[in-house]
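Data first, discussion second: the structure below is written as structure tokens.
Residues: numbered from 1 along the sequence shown.
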Amino acid sequence: MDKTIGRLGFGMMRLPKKGDGFDIEEVKKLVDAFMVSRFNYFDTAFAYPGNEEVVKAALVDRYPRKSYYLATKCAIWSGCNSKEDAERELDISLERTGAGYFDFYLLHSLNKESAAKFDEWGLWEYLLKKKEEGLIKHLGFSFHDTPEVLDDILNKHPEAEFVQLQLNWADWENPKVQSRGCWEVARKHNKDIIVMEPVKGGLLADPHPDVKKVFTDADPNASPASWAIRFAASLDGVITVLSGMNTMEMLGDNVKTMWNFQGLTESQKATIEKAREVFTSLPSIPCTKCDYCAKVCPMNIGVSGTFAALNTVLLYNNPDKAKEQYKAQVTNKGKKSPEKCIKCGKCEEACPQHISIRDNLEKAQELLQLS
């Protein structure tokens, strides 16, 4: 892979808003500051509404094409109902951005089911032809599933040049995310890695006070976000770490962290490990989102979504983010709130984790202020 790629990448999915749209002038300032800092990798996607158009206005129309690297993604979960729809996404993305070609083109958010659909539609073969035409420089995919599924995809598709993975210190040993396992599989196949969610959607920028104290004690001048970025950037095989930056303060902290980057020292690795130990010791709900409870609940309570939001409060002390999650995973999916629970106990009989669901729904109602 080209060694001139900046070790810090600009994830364009959390850009500043103005009214119902994007604050284009503020985005331009962020892009300019990023480019002045000699970082040059920008990440967008077909499925982010209006995002590719913003990239055109703030980046493509204002900078020489060879001065930056641009990545976008083909999603089959975003209004894509046929092989022809999926094939058209590349052309639409090229039109929206005006970029001429994409340095990195990704099959977006592969898991077992979507990977099978891409195979059925022959998308790999189609995109390899587009690569031969010069419209794509490097072809890979972003991934959300188990290490076993990742291994299967890479065995079937050695033509994939890189993998984009969710890697952060909090999810490193998380059995639901399996960051370490996915990283190990990618390295086994000798694939370059692009990191997404290094700060876990911003949650690791302001972690639980007990976790924050570990980092502050080790280095009072380093932000928790900088620890998260450095952890991801220190991993073998990583070519760039994406960060969704929407303020100058955030961009400045990330640039400072990654300027003349050196990997974590043994002492710093020990600090990360200590933070992880504190993090995993915090009280949380061991919900795996299997949703067996949902299958038997007579009231259609959004149990797993409620517990995901509750854990955001318990683990990250972030009630605002928790309320966003609750709206997305419960309200917007037509699920009922915890106050509708009739205490029948069927959910607890079905739960493989033996969670005290009724008691924790009451706790969620209190902490999330749902009533």
- Check for a donor-acceptor pair, side chain of N360 on one end and backbone N or O of S356 on the other, with a separation under 3.5 Å. yes
- Query: Between E132 and K129, is the closest basic N to carboxylate O distance under 4.0 Å?
  - Reply: no
- Does NZ belonging to K28 count more than 12 external heavy atoms closer than 6.0 Å? yes
- Query: Is there a side-chain contact (heavy atoms from CB on, under 4.5 Å) between L135 and Y105 once you walk through the steps?
  - Reply: CA-CA 9 Å; L135 298 178; Y105 196 72; over 6 Å; no
- Item | Residue pair N300 / K335, side-chain donor-acceptor N/O under 3.5 Å | yes
- Task: With rounding to the nearest 0.5 Å, note down the distance linking CG in N311 to CG in L203.
- Result: 11.0 Å
- Task: Rounded to the nearest 0.5 Å, what's the gap from CG on N246 to CG on D23? Could you check?
- Result: 11.0 Å
- So how far is it from L15 CG to I24 CD1, rounded to the nearest 0.5 Å? 8.5 Å
- Query: Looking at CG of L8 and CZ of F261, how far apart are the two atoms once the value is rounded to the nearest 0.5 Å?
  - Reply: 10.5 Å
- Are K346 and E349 close enough for a salt bridge, meaning some N to O gap below 4.0 Å? no
- Task: Kindly compute the distance separating CG (L106) from NE2 (H138), expressed to the nearest 0.5 Å.
- Result: 11.5 Å
- Keeping the roles fixed (side chain from N51, backbone from M12), state whether a donor-acceptor pair exists under 3.5 Å. yes
- Task: Heavy atoms only: give me the nearest W124-H157 pair and the separation to one decimal.
- Result: CD1-CE1, 3.1 Å
- Item | Common cluster, I285/L361, ILVMFWY with side-chain heavy-atom separation under 4.5 Å | yes
- Just wondering, are more than 12 heavy atoms of other shown residues or ligands nearer than 6.0 Å to NZ in K200? yes
- Can any side-chain N or O of Q164 pair as donor or acceptor with the backbone N or O of M196 at less than 3.5 Å? no
- Judged by modelled atom types alone, do T4 and Y69 share a side-chain donor-acceptor pair under 3.5 Å? yes
- Message: Do the side chains of D152 and K156 get close enough for a salt bridge, i.e. N-O under 4.0 angstrom?
- Response: yes
- Query: Is the NZ or CZ atom of K137 positioned over F102's six-membered ring, under 6.0 angstrom from the centre and within 45° of the axis?
  - Reply: no
- Task: Answer yes or no: is there a donor N or O on one side and an acceptor on the other, between the side chain of D253 and the main chain of E249, under 3.5 Å?
- Result: no
- Item | Ring-face cation contact, W227 with R230, 6.0 Å cut, 45° max | yes
- Task: Flag yes if F279 and V313 sit in one hydrophobic cluster, no otherwise; membership is Ile, Leu, Val, Met, Phe, Trp, Tyr, and two members link when side-chain heavy atoms are under 4.5 Å apart.
- Result: no
- How far apart are the closest heavy atoms of W259 and S37, and which atoms are they? CZ3-O, 2.7 Å
- Message: Side chains of D103 and Y101, heavy atoms from C-beta outward: is any pair under 4.5 Å?
- Response: yes
- Message: Within this structure, what is the CD1-CD1 distance for the pair I194 and I239, rounded to the nearest 0.5 Å?
- Response: 4.5 Å
- Does D85 come within less than 4.0 Å of R88, counting only side-chain N to carboxylate O? yes
- Query: Any side-chain heavy atom of L154 within less than 4.5 Å of one from V185?
  - Reply: yes
- Message: Are the side chains of I357 and F307 in contact, using a 4.5 Å heavy-atom criterion?
- Response: yes
- Query: What are the two closest heavy atoms between I153 and A115, and how far apart are they?
  - Reply: CD1-CB, 3.7 Å
- Message: Test your reading of the model: is there a side-chain donor-acceptor pair from N40 to the backbone of G6, 3.5 Å cut-off?
- Response: yes
- Just by distance, do the side chain of E161 and the backbone of L139 share a donor-acceptor pair under 3.5 Å? yes
- Query: Name the one of M299, R358, E362, Q365 that satisfies side chain to side chain contact (heavy atoms under 4.5 Å, CB included) with C341?
  - Reply: R358
- Query: Do K18 and E26 touch side chain to side chain, with heavy atoms closer than 4.5 Å?
  - Reply: no
- Item | Same apolar cluster (I L V M F W Y, side chains within < 4.5 Å links), F162/Y68 | no
- Non-hydrogen side-chain atoms of I76 and E89 separated by less than 4.5 Å: no
- Task: May I ask you to test the K66-P64 pair for a side-chain heavy-atom distance under 4.5 Å?
- Result: no
- Query: For S93 and E52, does a side-chain donor sit closer than 3.5 Å to a side-chain acceptor?
  - Reply: yes
- Kindly give the heavy-atom pair with the smallest separation between P286 and Q353, and that separation in Å. O-CG, 3.4 Å
- Minimal heavy-atom distance between P198 and N168, with the atoms involved, is O-CB, 3.2 Å
- Sub-3.5 Å donor-acceptor pair from the side chain of T312 to the main-chain atoms of K321, do we have one? no
- Query: Mind checking whether Y316 and D206 have side chains closer than 4.5 Å, heavy atoms only?
  - Reply: no
- Message: Please report whether the ring centroid of F118 lies less than 6.0 Å from that of F141.
- Response: no
- Query: For the side chain of K112 and the backbone of T146, is there at least one donor-acceptor N/O pair under 3.5 Å apart?
  - Reply: no
- Query: Just one of L242, L30, D43 clears the side chain to side chain contact (heavy atoms under 4.5 Å, CB included) bar with F10, so which one?
  - Reply: L30
- Message: In this structure, would V199 and Y41 fall into the same cluster of hydrophobic residues linked by side-chain contacts under 4.5 Å?
- Response: no
- Query: Looking just at side-chain N and O atoms, do N254 and T257 make a donor-acceptor pair shorter than 3.5 Å?
  - Reply: no
- Any chance the rings of F104 and F42 have centres within less than 6.0 Å? no
- ILVMFWY cluster, M248 and V31 together (side-chain gap under 4.5 Å): yes
- So W169 and F215, would you call those rings parallel, tilted or perpendicular, with 30° and 60° as cut-offs? perpendicular
- Salt-bridge criterion met for K269 and E266 (N-O under 4.0 Å): yes
- Item | Heavy-atom closest contact (P224 atom, K212 atom, distance) | CG-CG, 4.1 Å
- Going through the checks in order, is the side-chain contact (heavy atoms from CB on, under 4.5 Å) test met by E87 and K130? CA-CA 10 Å; E87 291 177 351; K130 295 301 177 179; over 6 Å; no
- Distance-only, no hydrogens or angles: does the S234 side chain make a donor-acceptor pair with backbone N or O of L264 under 3.5 Å? yes
- Message: Quick check against the 3.5 Å criterion: does R65 have a side-chain atom that pairs as donor or acceptor with the backbone of A99?
- Response: yes
- Check ion pair E53-K56 (N to O, under 4.0 angstrom): no
- Message: Any heavy-atom pair between the side chains of R187 and I193 that's under 4.5 Å?
- Response: yes
